[in-house]
Amino acid sequence: MEKALQEEFISIIREELVPAMGCTEPIALAYAAARGREVLGCEPEKITARCSGNMIKNVRCVTIPNSGGLTGIETACILGAVAGEASAGMEVLERAGDRDRARTRELLEKGCCSVEFLDSEIPLHFIVCMSAAGHTVEVEVRHTHTNVVSVVRDGEAVFEKAKELAEKGCSTDRSRLTLEAIKAFADEVELASVRDVYERQIRYNMDIAYEGISGDYGIGIGRVIRGSYADGVVTRMKAFAAAASEARMGGCDMPVIINSGSGNQGIASSVPVIVYAREKNIPTERLYRALVFSSLLTIYQKEFIGKLSAFCGAVSASCASAAAITYMAGGTLAQIKATIDNTLANIPGIICDGAKISCAAKIASSLDASMMAHYLAMQDKEYEAYTGILKEDAGETISCVGYIGKVGMHQTDKEIIKMMLE
């Protein structure tokens with residue numbers, strides 16, 4: 001594999017696999033509010049958050065970390081403005097303390113923040129407007145969670161991103177991602193160049209998985225799965241991944257390493273692979289290569305779907321996990337492709353109805369389906385091309401499913417948001 005392409009893939013991994021606290025949509029709002037306060041120079045007296053439908057959908061039901069159990073767009077914006085540190089990126093609320101939480105509650109009671117619907121064709125799009133002492137600031141974010149495209153103070157732009165970068169949403173080139181290239185990279189990459197990324201991913205994502213299993217979050221799905229299903233590696237994979245998601249959605253302030261802007265996808269594309277490797281005593285180097293494979297395959301799938309849509313990202317990430325397990329177990333490229341096709345022949349229709357604790361159940365269900373796909377593939381069983389939406393090649397199937405998620409389910413997304421707002 002040529003050196004330049006390896007460097008591109010390393011850059012993609014480092015751009016995408018970053019730490020974040022809590023659900024990434026409210027954290028993105030908190031980040032924008034923190035940026036706005038820096039420019040405003042004081043605590044805002046009034047905040048207005050203008051949000052696209054997908055932003056509203058994904059913030060509505062999750063507990064915001066370090067908020068003291070609070071939810072909602074208003075909380076995210078106020079806490080970000082009161083206590084956020086923009087320099088911390090997606091860990092913007094890491095240092096929020098008791099005094100900040102008390103001030104946030106006080107401003108919430110005063111109605112400091114209001115929310116408006118932003119009619120935008122960009123799923124991830126919002127503008128945080130704030131004012132104080134006769135001055136105003138607007139921070140606009142598009143496409144990705146920290147992609148600030150403009151900051152305007154008193155009607156004058158103090159920051160404006162170049163149009164090409166603003167609309168792209170990322171700084172790395174993903175156009176050369178293919179299934180074959182991803183496998184070649186996973187096989188050949190010098191692990192020293194990415195080891196720190198995956199050491200942190202293992203540590204962070206397994207720490208929150210253990211917290212979810214032992215702590216009091218949501219309905220305790222991880223413990224229920226472990227106690228109700230036959231003991232085995234798939235049961236533990238599902239239990240720990242679901243528990244990590246439930247803790248995250250339930251307001252746990254521990255960070256996770258995200259993928260494609262999503263903590264749930266970061267969890268679903270890593271925790272099952274780690275659990276499988278530990279259960280099967282897979283060498284560490286092989287585990288790291290499998291995590292590289294899973295990370296890039298998740299990103300590759302999401303390039304077709306987009307950051308936010310009506311298509312549940314647990315499907316893409318769980319599909320990547322199972323394909324990585326096929327890779328880790330010594331499967332051929334044909335068996336890896338079969339794992340992907342077998343998964344996408346089964347569960348491409350799970351809808352995203354917003355971020356919430358039941359995302360954990362969707363991860364568990366998706367892993368159940370994707371591991372069945374893995375076991376079928378390892379016995380050279382594969383659904384034939386052109387049955388349903390399956391294509392001749394797994395890469396074509398991925399692009400087809402991506403088109404359905406991004407374009408075909410566009411109206412579905414609108415109807416889901418409409419129902420939630422009603």
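Bear in mind the structure is a predicted one, so any value in this text is a computation, not a measurement.
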Student: Testing the 3.5 Å rule here: is there a donor-acceptor pair between the side chains of Glu15 and Ser171?
Tutor: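 Yes, Ser171 and Glu15 have a side-chain donor paired with an acceptor closer than 3.5 Å.
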Student: Given side chains that start at C-beta, do those of Ile10 and Ile12 come closer than 4.5 Å, heavy atoms only?
Tutor: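 They are not in side-chain contact.
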Student: Kindly write out the residues that satisfy side chain to side chain donor-acceptor pair (under 3.5 Å) with Glu415, not counting sequence neighbours, or none if the list is empty.
Tutor: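 Gln411.
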Student: Closer than 4.0 angstrom, basic N to acidic O: yes or no for Arg14 and Asp196?
Tutor: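 Answer for the salt bridge query: yes.
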Student: Do the side-chain N and O atoms of Lys161 and Asn147 include a donor-acceptor pair separated by under 3.5 angstrom?
Tutor: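 Yes - a donor-acceptor pair under 3.5 Å links their side chains.
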Student: Are Val149 and Val141 close enough that some pair of their side-chain heavy atoms sits under 4.5 Å apart?
Tutor: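 No - every pair of side-chain heavy atoms lies 4.5 Å or more apart.
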Student: In the structure I gave you, are the side-chain heavy atoms of Cys352 and Lys57 within less than 4.5 Å of one another anywhere?
Tutor: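 Counting from C-beta outward, Cys352 and Lys57 do come under 4.5 Å.
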Student: Near Glu2 CD, under 6.0 Å, is it more than 12 heavy atoms from other residues, nucleotides or ligands?
Tutor: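 Count over threshold, so yes.
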Student: Report yes or no: do Ser120 and His125 form a side-chain donor-acceptor pair below 3.5 Å?
Tutor: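 Ser120 vs His125: donor-acceptor pair found between side chains.
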Student: Is there a side-chain contact between Ser245 and Ile221 (heavy atoms, below 4.5 Å)?
Tutor: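 A side-chain contact is absent here, since even the closest heavy-atom pair is not under 4.5 Å.
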Student: Taking atom CZ of Arg203 as the centre, report whether more than 12 heavy atoms of other residues, nucleotides or ligands fall under 6.0 Å from it.
Tutor: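 Yes - once you tally the heavy atoms of other residues, nucleotides and ligands closer than 6.0 Å, there are more than 12.
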Student: Can you confirm whether the side chains of Arg174 and Thr172 place a donor and an acceptor under 3.5 Å from each other?
Tutor: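 Yes, side-chain donor-acceptor contact under 3.5 Å.
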Student: Could you list the residues that satisfy ring pair (Phe, Tyr, Trp, His ring centres under 6.0 Å) with Phe9, not counting sequence neighbours?
Tutor: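 Phe9: ring pair (Phe, Tyr, Trp, His ring centres under 6.0 Å) contacts with Phe185.
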Student: With no hydrogens and no angle check, do the side chains of Glu94 and Asn66 hold a donor and an acceptor under 3.5 Å apart?
Tutor: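 Absent: no donor and acceptor within the cut-off.
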Student: State, without any angle test, whether Thr339 and Thr326 hold a side-chain donor-acceptor pair at a distance under 3.5 Å.
Tutor: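 Side-chain D/A pair, Thr339 to Thr326: present.
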Student: Is the shortest side-chain N to carboxylate O distance from Arg142 to Glu140 below 4.0 Å?
Tutor: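 Answer for the salt bridge query: yes.
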Student: Less than 4.5 Å apart, side chain to side chain, heavy atoms only: is that true for Ile305 and Ser316?
Tutor: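 In contact.
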Student: Can you tell me how far the CD1 atom of Ile267 sits from the OG atom of Ser318, to the nearest 0.5 Å?
Tutor: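 Answer for the CD1-OG pair, Ile267 versus Ser318, is 11.0 Å.
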Student: I want to check a possible cation-pi pair here: Arg153 against Phe159, using under 6.0 Å from ring centre and within 45° of the ring axis as the test.
Tutor: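 That pair does not qualify as a cation-pi contact.
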Student: Whether Glu16 and Lys302 form a salt bridge (side-chain N of Lys/Arg under 4.0 Å from carboxylate O of Asp/Glu) is what I want to check.
Tutor: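 No salt bridge links Lys302 with Glu16.
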Student: Is it the case that more than 12 heavy atoms not belonging to Glu188 sit under 6.0 Å from its CD atom?
Tutor: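 Yes, because the 6.0 Å sphere around CD of Glu188 holds more than 12 heavy atoms from other groups.
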Student: In plain terms, say whether Asp353 and Lys362 are close enough for a salt bridge, that is, a side-chain N and a carboxylate O under 4.0 Å apart.
Tutor: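 Yes, charged N to carboxylate O under 4.0 Å.
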Student: What's the separation between atom CE in Met237 and atom CZ in Arg278, rounded to the nearest 0.5 Å?
Tutor: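 Result: 13.5 Å between the selected atoms.
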Student: Got a sec: does the OH of Tyr403 have more than 12 other heavy atoms crowding it under 6.0 Å?
Tutor: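 Open: at most 12 neighbouring heavy atoms sit under 6.0 Å from OH of Tyr403.
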Student: Give a yes-or-no answer on whether the side chains of Asp187 and Tyr327 include a donor-acceptor pair shorter than 3.5 Å.
Tutor: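 Per modelled atom types, Asp187 and Tyr327 side chains form a pair under 3.5 Å.
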Student: Answer with yes or no whether the side chains of Asp173 and Ser175 bring together a donor and an acceptor at under 3.5 Å.
Tutor: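 Ser175 vs Asp173: donor-acceptor pair found between side chains.
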Student: Are any non-hydrogen side-chain atoms of Val234 and Tyr276 less than 4.5 angstrom apart?
Tutor: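 Of all side-chain heavy-atom pairs linking Tyr276 with Val234, none is under 4.5 Å.
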Student: Any side-chain hydrogen bond (donor to acceptor under 3.5 Å, both in side chains) involving residues 220-234? Give me the pairs, sequence neighbours left out, ordered by first then second residue.
Tutor: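 Passing the test, one end in residues 220-234: Asp231-Arg236.
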Student: How far does CD1 of Ile257 sit from CD of Gln265, to the nearest 0.5 angstrom?
Tutor: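 It is 14.5 Å, given to the nearest 0.5 Å.
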